There are 2 protein chains.
Amino acid sequence: MIRRKGLTSVELAKLAGVSSATISRAFSNDPRIKPETRERVLALAAEHGFRPNAMARSLNNSRSRLVALVVNTVANPAEAEGLDLLIHRLQERELMPLLLCCANHEDRGHLMRIASTYQVDHVVLYSDAVSVDDALDIFRSATLIVASSEPLEGRALFDVRLDATAATAQIVDHLVGQGRRHFVYLSGRASSHIDKQRMRWFADALARHGMAFEIVEHGDYSYESGYKEAALLLRRLRPDVLVCANDLMAIGAKDAAALLGLKVADDVAIVGHDGVSLSNWDSHSITTILPPAGIVSDALAQFISLTPASEPQQRVVDCMVRWGRSTGEFPRH
Amino acid sequence: MIRRKGLTSVELAKLAGVSSATISRAFSNDPRIKPETRERVLALAAEHGFRPNAMARSLNNSRSRLVALVVNTVANPAEAEGLDLLIHRLQERELMPLLLCCANHEDRGHLMRIASTYQVDHVVLYSDAVSVDDALDIFRSATLIVASSEPLEGRALFDVRLDATAATAQIVDHLVGQGRRHFVYLSGRASSHIDKQRMRWFADALARHGMAFEIVEHGDYSYESGYKEAALLLRRLRPDVLVCANDLMAIGAKDAAALLGLKVADDVAIVGHDGVSLSNWDSHSITTILPPAGIVSDALAQFISLTPASEPQQRVVDCMVRWGRSTGEFPRH
DNA sequence: CGCAAAAATGTAAGCGTGTACATTGTTGCA
DNA sequence: TGCAACAATGTACACGCTTACATTTTTGCG
């Protein structure tokens, strides 16, 4: 299994009869090189399988083209589907994603500290499980790009933020119009910012009808927790409407309702969040709140092309509703 | 948004009143340093937030602690769930995963070539979409670790390979015992090695009963393709048993059957592959073939701890059956 | 106490590239 | 032809660390 190591720019330079500086210029599209020699060098490089060493490269211009992606877990479709798009955007720009999976990892700080030694250019915070302050503290010289929901309060960052005010109101209006009165919210993690945010949207939308809702705080964003908690609360509280912190829990709740002999939509309407593709499957058909397709990844990728010296920016993305059968008949247009 | 850069080992050395070599030794657990000075250096480093630069580090010992993970897409639970475990194993060993998502990427070679410039120590081929030869060719000096199903034929590699002979036979025996006779296999991608392998297992298991099966080759591993193709073939071929290339397609097929008014298990048994968690949900309950939990990731992680000079190894993992309601009553153990 | 061996640290030369600066080759124009 | 301006390339050092080798300090023991 021993394999030969590639050659270096000096060796290639010797082969090409030029200096290593010329090699470097050929590969960095330096305009000061004669197009003709550039071609010659690149051809020779291809022939010998030479590619400049990214480590050496980034050592002296301190741009690594690495992007740290901080997520909870890749096993959860809600994160994975967004992540997949984002990774594609990065790859289009020849940026390399370094993946940090923080779920089940007691010491996220340690994980981030290791990643930071690779001199990543950017950090995308895609997870609520990591605090912005920690990330800022650890990734000193990288630009931080936030897609979690932690309030930023003036800390200078690139920031993509969701707004589901309208979408939530749309759903609430529809459900209230159907005569439903008893709303319960099954939360994901009590400490999660996005969860608090979502509850606030629901509170606001219900307040316009002079209504409120109950909160059950035992979920953890998994199907299993949705199933288990819904089985308990459906019996105990008998709500009209069960709003879940995410689609996976909503599907779990739907299955639990079926187990209890309740008819989804007729007996209890179920609402999810995130719009993962499987919530749209025939067997689930959950009404859910989601950002327009790909827009978050696009925004993140756009931020990444800015330089660390740029002014902090924020983008607000308006969410929409994807109606499913879990809330009964669809609203007319 | 301008932030200060961290200090270097020479600067820290000055502060500690030692040489930069001592700093280096403190951080690489060199036994030749006095424990007492090591503590002092580490304390000072922590105080000043110093961490050795991984780029510079790997530049001269040519070990980057980076692992390239070549997958199709992270959006598919079948890959994502395995990947998640693997990433955790890597993180335990303080290895950093570089993620390459090859699906929808016309030039996988280019992607891998870029990754190779980062001097990755290992490459895990988790995808059938990339040929082993290409990977070998591009990642010259990294150890290649294969979890795809391409036959290796003596090419020296670390290799994790699935064996579902027994599991497949178990399912086939059960289904034949129920009196089913008409088997159809809905394939994922015609060119996919794992798919061919799975069909072979089924062919062998059926051959023991003197039976054979039909093949429909239009799937692409997605729920949608399972749904669409099953809707067509269930009407056309009216099989007893529909075996799908993976669980997502099996779930699609199940939904299509429901749409056609067919009762799953009674009218048509459905079998999946991979054992993704959602195939075990109440609403799906697909009988599926899967490797024991975590064993593949564990094997991969174990291989990764070997050195490039080690002898090539192979591990064969025996798959098992997870019974669901999609194949009727469970077999008495 | 003295001296050899061992332990601890320092010195300096890379690792493979980018880049400021120096050098050489070329062109234009009087 | 001569000389300025510019285009193309070369030279040499820096990036931040590891490590072979040199040097200093400590230890053990007769």
Side-chain angles (χ1 to χ4, degrees), chain A residues 4-42 44-45 48-66 113-114 116-121 140-141, chain B residues 4-42 44-45 48-66 113-114 116-121 140-141:
Chain A
R4 72 165 186 273
K5 294 208 53 170
L7 27 63
T8 75
S9 69
V10 208
E11 296 170 328
L12 188 70
K14 218 157 282 171
L15 288 175
V18 297
S19 81
S20 77
T22 303
I23 305 290
S24 169
R25 289 187 185 112
F27 274 91
S28 49
N29 277 333
D30 193 310
R32 302 181 325 178
I33 198 178
K34 195 198 292 183
E36 174 189 324
T37 45
R38 211 181 75 98
E39 295 310 320
R40 197 164 51 84
V41 165
L42 291 184
L44 200 69
H48 290 265
F50 169 82
R51 300 229 86 211
N53 181 323
M55 303 309 231
R57 202 171 236 223
S58 75
L59 183 55
N60 65 0
N61 63 6
S62 45
R63 269 185 286 106
S64 62
R65 305 195 69 78
L66 289 175
R113 258 182 292 273
I114 296 181
S116 78
T117 67
Y118 288 89
Q119 318 299 113
V120 297
D121 292 343
R140 282 256 147 262
S141 59
Chain B
R4 71 166 186 273
K5 294 207 56 168
L7 26 65
T8 75
S9 69
V10 207
E11 295 170 327
L12 188 70
K14 218 157 283 169
L15 289 175
V18 296
S19 80
S20 77
T22 303
I23 306 290
S24 169
R25 290 186 185 113
F27 273 93
S28 49
N29 278 332
D30 192 310
R32 303 180 324 179
I33 197 179
K34 194 199 293 183
E36 173 188 324
T37 46
R38 210 182 77 97
E39 294 312 320
R40 198 163 52 84
V41 165
L42 291 184
L44 201 69
H48 290 266
F50 169 83
R51 299 230 86 209
N53 181 324
M55 302 310 229
R57 195 168 242 222
S58 74
L59 183 55
N60 60 8
N61 63 6
S62 44
R63 270 186 286 106
S64 62
R65 305 196 69 79
L66 289 175
R113 256 183 293 273
I114 296 181
S116 78
T117 67
Y118 287 90
Q119 318 298 112
V120 297
D121 292 343
R140 282 258 146 259
S141 59

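So that the names make sense, note that chain A is the first sequence line, chain B the second, and so on, each numbered from 1. It should be emphasised that the depicted structure is a prediction, and the values quoted were computed from it without experimental measurement.
A search for side chain to side chain donor-acceptor pair (under 3.5 Å) contacts involving S64(B) returns D121(B), not counting sequence neighbours. The side-chain contact (heavy atoms from CB on, under 4.5 Å) test applied to K34(A) returns E36(A), T37(A), not counting sequence neighbours. Taking E11(A) as the reference, L7(A), T8(A) meet the side-chain contact (heavy atoms from CB on, under 4.5 Å) condition, with sequence neighbours excluded.
Between R40(B) and V18(B) there is a side-chain heavy-atom pair separated by less than 4.5 Å.
To the nearest 0.5 Å, the span separating CD on Q119(B) from OG on S58(B) amounts to 7.0 Å. Distance CZ/R51(B) to CZ/R140(A): 14.5 Å, rounded to 0.5 Å.
Here S24(A) lies in heavy-atom contact (under 4.0 Å) with a base. Residue-level contact check: F50(B) touches the backbone only, with heavy atoms under 4.0 Å from sugar-phosphate atoms and none from bases.
For the pair E36(B) CD and dT25(D) C1', the computed distance is 14 Å after rounding to whole Å. One can place CG of L7(A) at 12 Å from C1' of dG16(C), the figure rounded to the nearest angstrom. Residue D30(A) contributes atom CG, which lies 10 Å from atom C1' of dG18(C) at whole-angstrom precision. Distance CG (N61(B)) to P (dC17(D)): 13 Å, rounded to an integer number of Å. Between the NZ atom of K14(A) and the P atom of dT17(C) there is a distance of 13 Å, rounded to whole Å. Straight-line distance from the CG atom of N53(B) to the C1' atom of dT18(D): 13 Å, rounded to whole Å. Nucleotide dT17(C) holds its C1' atom 15 Å from the CD atom of Q119(A), rounded to whole Å. Distance F27(A) CZ to dT19(C) P: 15 Å, rounded to the nearest Å.
Minimum heavy-atom separation, T117(A) to P52(B): CB-O, 3.4 Å. Of all heavy-atom pairs between R65(A) and Y118(B), the closest is CB-OH, 3.3 Å.
Fit an axis to the five pairs at each end of the helix from dC1(C)-dG30(D) to dA30(C)-dT1(D) and the two axes sit 40° apart, to the nearest 10 degrees.
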Item to check | Sugar-phosphate or base contact per nucleotide [nucleotides 4-13 of chain C; S, B, -; heavy atom under 4.0 Å] | outcome: ----SBBB--
Under 3.5 Å donor-acceptor pairs involving side-chain atoms of residues 20-30 of chain B, not counting sequence neighbours:
{"residue": "S28(B)", "atom": "OG", "partner": "S24(B)", "partner atom": "O", "Å": "2.9"}
{"residue": "N29(B)", "atom": "OD1", "partner": "R38(B)", "partner atom": "NH1", "Å": "2.6"}
{"residue": "D30(B)", "atom": "OD1", "partner": "R32(B)", "partner atom": "N", "Å": "2.8"}

